[in-house]
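Quick notes on the structure that follows.
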Amino acid sequence: MLALAGPFLRRLALRARLPATLAVIGFFAILTRFEPSVLRASAMAALAVTASTLGREASSIRLLALAVTGLVFIDPFLVDMVGFQLSAAACVGIVLLSPTIARALPGPRALAEALAVTLGAQAGVAPVLIAVFGGIPVVGVAANLLAAPAAGPVMVWGLAAGVAAGLFGGGAAVVLHWPTHLLIAWIAWIAHRASALPLGEIRQRELMALAVGSLLVAVGRHLGLVGVRRAAAVLLTVAFSAPAVALRAAPPLRAELTSGAVLWRADAAVLDLDGRVDGARLLESLRRAGVARLDVVVARSSSTTLNATIDALRRRTSIERVLTPSSSLEGTSIVVGALRVEVHPAGGRLTVEISPEPTGSARGPPV
């Protein structure tokens, strides 16, 4: 009788703990402020725990489908949130592609599986990144591979230690959160260093080449065609390296980055702003152009929006000199690199002339 009652009692105990487990998941969602990606993860976790407790099998793709469907049914506006789109797309890539990629990758299994998860997630979010942001950073795979080992521990330790730190406070809280601090610092350092690497972005053409190369790898592997696999490897290498090669090509002298922002480059970088600038788009355009340093920024007018844009530029980019109506009370003529910048005040604004400096001409005062 006891042998027969054992499984029943275990299931009963598990069902008794189910509300507590769901409460912990809900508490985690509250702490992370119900971000779209957190909602997706919490819904999947709740469904997985419930299915396991009830003794029902549920595949990852089925859990994802149920979680996404339920969340969209509750809040249809989630479909317009990029964070939710990226989270769901990454899960689809991990669930559907990672096992196949892991089997195809050589080397130690632990490294191959970690790389497969990263590649699967990148492949899943590729359509969203290209449609919304215009491209996929090449460095993303390596950055994610380096940061991923810290992502899980920082969440688990931060949640557990946060409760204890809140109870004890003071020095105890600082000590308890030292691991959290170190893990977050590692992730932030990886993000900072990776974003500064001039590797460019994979866009539609490169993505098509990567898709064709991956298909050829699969076909060559299945049919045992070594030549096809080698050709596919060359195609994949070219597709990954093309964005970095393009960034090293000679940039145009004048390029309109976004409405109200013109970038001049000739052995130096001069940014001309006219007050109608969308700061977020400007920063994104500079990143895509591979600009990490600006020698001169000229603001033709003064406004709260333009001042905020310049502040954002200072935080993200190294700037040598900024010329504004308030700082340029007299006419200024400077030569930086192979560019001459002429600035004159006129009615609370600046009139600006930027032109290439003839080779061998007298250089103006240094910036």
Side-chain angles (χ1 to χ4, degrees), residues 59-61 64 85-152 187 190-191 193-252 287-290 292:
S59 63
S60 298
I61 195 65
L64 175 62
Q85 296 171 8
L86 290 172
S87 179
C91 280
V92 170
I94 292 171
V95 171
L96 297 183
L97 301 178
S98 292
T100 302
I101 296 173
R103 288 193 296 270
L105 290 175
R109 284 299 84 196
L111 180 61
E113 290 174 2
L115 184 57
V117 170
T118 300
L119 290 172
Q122 289 288 333
V125 300
V128 180
L129 288 176
I130 289 179
V132 177
F133 301 105
I136 309 164
V138 173
V139 76
V141 173
N144 287 337
L145 189 61
L146 291 173
I187 295 173
I190 291 295
R193 298 299 299 175
S195 64
L197 293 176
L199 297 180
E201 293 182 337
I202 295 171
R203 302 194 182 181
Q204 291 182 355
R205 288 181 302 178
E206 292 83 9
L207 184 62
M208 289 297 296
L210 289 173
V212 172
S214 300
L215 180 61
L216 290 175
V217 168
V219 171
R221 188 180 183 86
H222 180 70
L223 300 179
L225 302 175
V226 178
V228 172
R229 292 170 60 184
R230 289 176 177 173
V234 171
L235 181 60
L236 291 173
T237 303
V238 170
F240 268 115
S241 59
V245 173
L247 278 181
R248 284 161 177 76
R287 184 183 66 80
R288 289 183 184 173

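Values reported hereafter were calculated over all heavy atoms of this structure, with side chains retained and with hydrogens, waters and symmetry mates removed. Predicted model only: the values in this text are computed from it and were never measured.
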Those residues at least two apart in sequence (or on a different chain) that pass side-chain contact (heavy atoms from CB on, under 4.5 Å) with R103 are P99, T100
Sorted by chain and number, sequence neighbours left out, side-chain contact (heavy atoms from CB on, under 4.5 Å) with I61 holds for S59, L64, V95, L96
Pairs involving residues 217-239, ordered by first then second residue, that meet salt bridge (charged side-chain N to carboxylate O under 4.0 Å, His left out) (sequence neighbours left out): none
Could you give the side-chain donor-acceptor pairs of residues 232-242 under 3.5 Å, partners two or more places apart or in another chain?
from	atom 1	to	atom 2	distance (Å)
T237	OG1	A233	O	2.8
S241	OG	T237	O	2.9
S241	OG	V238	O	3.3

Going by side chain to side chain donor-acceptor pair (under 3.5 Å), name the pairs with one or both residues in residues 86-97, residues two or more places apart or in two chains. R40-S87
Could you tell me the separation between the CG atom of L207 and the CD1 atom of I136, rounded to the nearest 0.5 Å?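 Rounded to the nearest 0.5 Å, the CG-CD1 separation comes out at 5.0 Å.
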With sequence neighbours left out, what residues match E201 under salt bridge (Lys or Arg N to Asp or Glu O under 4.0 Å)? R203, R287, R288
Listed pairs under 3.5 Å, donor-acceptor, residues 112-134 side chains, sequence neighbours left out:
from	atom 1	to	atom 2	distance (Å)
T118	OG1	A114	O	3.2

Exercise: identify the closest heavy-atom pair between A147 and I190: CB-CG2, 4.4 Å
